[in-house]
Amino acid sequence: EYLTRWRDRYWSLHIKDVPAIGAMGDTELGAGKLDLRRILSSVGNLEQKLLYVEQEGSADSLTSARKDFAYLSNLVL
């Protein structure tokens, strides 16, 4: 509700996904438990905003970055 109400105030977003709610680590976008499609669609005009993806502790950073990019590229809001 907050993101929808104040959507024009957001110019950039820091996003990540988690393998389980409350988990200390993170995972590739779309591979976790967060409904990123619903969350990001509430922001509006996403193509005009900067998205910073955070993923710490990946065994293969480049592969994870490719998966994150593919997820965002194929995301239909």
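Keep in mind the model is a prediction, meaning the values are calculated, not measured. Only this structure's heavy atoms are used, side chains among them; waters, hydrogens and symmetry mates stay out.
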Notebook entry, point to check: Of all heavy-atom pairs between Gly25 and Pro19, which one has the smallest distance, and what is that distance?
Noted result: O-CD, 3.6 Å
Item checked: Side-chain heavy atoms of Tyr10 within contact of Leu13, under 4.5 Å -> yes
Item checked: CA sep, side-chain torsions, deciding dist, call: Leu29, Leu34, side-chain contact (heavy atoms from CB on, under 4.5 Å) -> CA-CA 9 Å; Leu29 299 179; Leu34 298 179; over 6 Å; no
Checklist line | With Thr63 via side chain to side chain donor-acceptor pair (under 3.5 Å) - residues at least two apart | finding: Asp60
Check: Between Ile15 and Ile39, is a side-chain contact (heavy atoms from CB on, under 4.5 Å) present by the stated rule, with each step listed?
Finding: CA-CA 10 Å; Ile15 60 175; Ile39 294 168; over 6 Å; no
Item checked: Closest non-hydrogen atom pair, Asp17 against Asp26 -> O-CB, 3.1 Å
Check: Between Arg7 (side chain) and Ser42 (backbone), is there a donor-acceptor pair under 3.5 Å?
Finding: yes
Notebook entry, point to check: Would you say Asn45's side chain and Gln48's backbone share a donor-acceptor pair under 3.5 angstrom?
Noted result: no
Check: Are Phe69 and Val53 grouped together when hydrophobic residues (ILVMFWY) are joined by side-chain heavy atoms under 4.5 angstrom apart?
Finding: no
Checklist line | Ser61 side, atom OG; Arg66 side, atom CZ - distance, nearest 0.5 Å | finding: 11.5 Å
Checklist line | With Glu54 via side chain to side chain donor-acceptor pair (under 3.5 Å) - residues at least two apart | finding: His14, Lys16
Notebook entry, point to check: Around atom CD of Glu47, are there more than 12 heavy atoms of other residues, nucleotides or ligands at under 6.0 Å?
Noted result: yes
Notebook entry, point to check: Judged by atom type as modelled, is there a donor-acceptor pair below 3.5 Å linking the side chain of Lys33 to the main-chain atoms of Gly22?
Noted result: no
Note to self: Evaluate Leu72 against Leu51 for side-chain contact (heavy atoms from CB on, under 4.5 Å), listing each step before the verdict.
What the structure shows: CA-CA 9 Å; Leu72 290 173; Leu51 296 178; 4.1 Å; yes
Next item on the list: Indicate the atoms forming the closest heavy-atom contact of Gly30 with Tyr71, along with that distance.
Entry: CA-CE1, 3.5 Å
Notebook entry, point to check: Is a side-chain N or O of Arg37 found less than 3.5 angstrom from the main chain of Leu77, in a donor-acceptor match?
Noted result: no
Check: Just how far is it from atom CH2 of Trp6 to atom CG of Asp8, taken to the nearest 0.5 Å?
Finding: 10.5 Å
Notebook entry, point to check: If you group Ile, Leu, Val, Met, Phe, Trp and Tyr by side-chain heavy-atom gaps below 4.5 Å, do Ile21 and Leu40 land in one group?
Noted result: yes
